2 protein chains.
Amino acid sequence: MPEHVTIKDIARILNISVSTVSRALRDAYDVNPETREKVLQLAKELDYKPNFNASGLAGGGTRNIGIILPFITNYYFSMVITGIQEIAYAKGYNIVLYVTNDSPERELDVVKNLNTQNLDGVLVAVCSDSAANGYFERIIAEGTPVVFFDRVLGGVDASKVVQDDYNGAFEAVEHLIQQGFTRIAHVAGPLDLDFTRQRLAGYLDALERYDIPVRKEWIVHSGFSQAHGEDDLARLFDQMERPDAVFAVNDRKAIGVMQALKARRVAIGRDFGVIGFTNDPMSTIITPTLSTVAEPAYEVGKMSCELLLQHIVRKSNFQPREIVLPGMLIPRESTLRTLS
Amino acid sequence: MPEHVTIKDIARILNISVSTVSRALRDAYDVNPETREKVLQLAKELDYKPNFNASGLAGGGTRNIGIILPFITNYYFSMVITGIQEIAYAKGYNIVLYVTNDSPERELDVVKNLNTQNLDGVLVAVCSDSAANGYFERIIAEGTPVVFFDRVLGGVDASKVVQDDYNGAFEAVEHLIQQGFTRIAHVAGPLDLDFTRQRLAGYLDALERYDIPVRKEWIVHSGFSQAHGEDDLARLFDQMERPDAVFAVNDRKAIGVMQALKARRVAIGRDFGVIGFTNDPMSTIITPTLSTVAEPAYEVGKMSCELLLQHIVRKSNFQPREIVLPGMLIPRESTLRTLS
DNA sequence: TATTTTAGCGAGAACGTTACCGAAATAACT
DNA sequence: AGTTATTTCGGTAACGTTCTCGCTAAAATA
């Protein structure tokens, strides 16, 4: 019953060879526009669907692209995937999803077992403490197109798409300063990730720019979760001298910070400024609403995918590119001094 | 350089035929345990990776399973995927992701172009107003294993995994009643989705069970978003007689309801009860915290995937199953009368 | 012992496509 | 006119598996 129409059927009916049909169906190389038209016409009529297993086997593409990332259960990554998916769908590519749970072992296993014969290319956001560096390099050296996004890997010869973490952080801290906060702490993430370092750098440079001395004890870092944010604030409040504002590496941690502040009955906004990074919808739900730097997650996804597809079609003569997309400061109540 | 070791290499080295190697690598049918052991040993040594394109072409499986769903940017679906992914990874299957954006046209297009030759099976949550009924039936009739989850399709002969929407809704409304709310409205979702109807039924039966007359004007329905929740509450408050509590079909709408209530300076909890459905992390972030019915999203994902894999390996002699997983009532501040 | 069964294996043909190369046929030059 | 390019096509061999047979040798049966 699964009577699938193949390239052979088309060839037989049109009384031409399969080679010609194959060529006509892809790019009109070595084929008469007329016969090409006939092939396309008949293919549509018969509802022909190419078999990508065969195509992949024979050396053509599989039309599958892989995504390797730590999580999908947060706003940022799910938006990135949505962006990727939009482009992939438009261009007729399928997405194969690999979630590493932010575990280096899992990531390593995924990359080792990445069947690059099944994949035309891979989009990747590495996990914290990634140990797969060498394996990614090998895949890239073998010629598989790879694009890193958000959590990029240093030193490898591949395209990269990130948001402007440095300037976003700078603007966030600048905003705190302009709101009159001067004792600004930074609740950071794992420092092995590039964007964490970028945001830290933006924080440091903003302080320097406004002649505010850096206090190392006000830079605390741990994981990315809300609980980590709560812990980090506790560590900040355990100190003799407390800060009066926090720039958090992301919204989830900022929300943890806010919850911890609420538990301590600190008036967020008026007495204590909090700003995050991401623009997670949660930041509009929490009271007071959380100021943040909006990340162009959807655009990061789209851009990454577009780059990857370019790499795939141009294959060897494609120069890796590094793209930085701008974020946007979104002031809300958590940094508003005038809040009653 | 991409020197990939194949089944032929193993055969040549061991001086046996490819057929034997092939059999040894899969299930030990017609192969001596000794030679099987040798093959497995050498395969591991050479780091042999099967080519699933070839396998798929030749009639074996592709080790790819598809997921078709409306969104990935909400808590529920992202958790379901995480669950699916966990099982798939453990069993060595890849996940191919199709996001329909809850658009019937898009879904139709995806299903029509679903290359079932590339997929061993498909997991699907249909979109609102799905028009792909017939196409799913065709795929199923062709023998492709399909499991529906959450948003199931009625009448088709396939496995289904859902949470206990009816009882969850019943318990939610019962909880409102027990908290002393009597004028309970229902902010529903699109009624063409089965689980929306189930939750409505639970709502109606709970009212009946406690001898509370149903007021049709207090049952409003629209989409699933927060904005829809705000609109629905406005419609409720436009009426002469207002309810004193709302059971919302999901947390996003419940949050919309809460925001609209806050704008109207209604004391949520004390004067007006709100309960949602899902247990989205947002429900713990909002003030007051939102009571809800926790959905076993992760378990739905795991169970769906397990069922699908069973179907795949047992192929024709697999009886479709329907599984209902229990939810759990989680009372929080938004239904607490005693709240100051 | 003669016969049948069974376990284990191999040969070869698929599966649907693309890559490679050569053959016509036509067009464009001397 | 003869020669050379160019365009358009077809034949055939892959790609790495699985599948369907059929074969051999050993084991079980008569």
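Since the model is a prediction, treat every value here as computed from it, not as a measurement.
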Length of the [atom1]-[atom2] vector between [X] and [N], whole Å:
X: A:Arg23; N: C:dG16; atom1: CZ; atom2: P; value: 20 Å
X: A:Leu25; N: C:dA19; atom1: CG; atom2: P; value: 13 Å
X: A:Leu57; N: D:dC15; atom1: CG; atom2: C1'; value: 4 Å
X: B:Phe52; N: D:dC15; atom1: CZ; atom2: P; value: 19 Å
X: A:Lys49; N: C:dC15; atom1: NZ; atom2: P; value: 20 Å
X: A:Tyr29; N: D:dT7; atom1: OH; atom2: C1'; value: 11 Å
X: B:Asn53; N: C:dT17; atom1: CG; atom2: P; value: 13 Å
X: B:Asn115; N: C:dT17; atom1: CG; atom2: C1'; value: 13 Å

Note to self: Check this for me: does the side-chain of B:Arg36 come within 3.5 Å of the base of C:dG8 through a donor and an acceptor?
What the structure shows: no
Next item on the list: Please tell me which of A:Val18 and A:Pro33 maps to the more 5' nucleotide of DNA chain D, matching each residue to the nucleotide holding its nearest heavy atom.
Entry: A:Pro33
Notebook entry, point to check: What is the ring orientation for A:Phe77 with A:Phe149, classed by angle as parallel under 30°, tilted 30 to 60°, or perpendicular over 60°?
Noted result: perpendicular
Item checked: Aromatic plane relationship, A:Phe195 with A:Phe224 - under 30° parallel, 30 to 60° tilted, over 60° perpendicular -> parallel
Looking at the side chain of [X], which of [options] is the nearest nucleotide?
X: A:Ala58; options: C:dC15, C:dC9, C:dT17; value: C:dT17
X: B:Arg26; options: C:dT17, C:dC9, D:dT18; value: D:dT18
X: B:Ser55; options: D:dT18, D:dC9, C:dG10; value: D:dT18

Next item on the list: Determine, step by step, whether A:Asp9 and A:Arg12 satisfy the salt bridge (Lys or Arg N to Asp or Glu O under 4.0 Å) criterion, reporting the C-alpha distance in whole Å, the side-chain angles of both residues, the deciding distance to 0.1 Å, and the verdict.
Entry: CA-CA 5 Å; A:Asp9 300 322; A:Arg12 191 167 23 77; 2.7 Å; yes
Please work out if [X] contacts a base, only the sugar-phosphate, or nothing of the nucleic acid, heavy-atom cut-off 4.0 Å.
X: B:Ser22; answer: base
X: A:Asn15; answer: sugar-phosphate
X: A:Tyr48; answer: sugar-phosphate

Next item on the list: Between A:Ser19 and A:Asp30, just flag the one whose closest nucleotide in DNA chain C comes earlier from the 5' side.
Entry: A:Ser19
Margin query: Under 4.0 Å from OP1 or OP2 of C:dC9: is there any side-chain N or O of B:Thr20 that close?
Written below: no
Margin query: Taking only side-chain N and O atoms of B:Thr35, does any of them lie within less than 4.0 angstrom of OP1 or OP2 on C:dC9?
Written below: yes
Margin query: Checking the side chain of B:Arg36 only, and the main-chain atoms of B:Asn32 only, is there a donor and an acceptor separated by less than 3.5 Å?
Written below: no
Item checked: Atom pair CZ (B:Arg106) and OG1 (B:Thr100), whose distance is rounded to the nearest 0.5 Å -> 7.5 Å
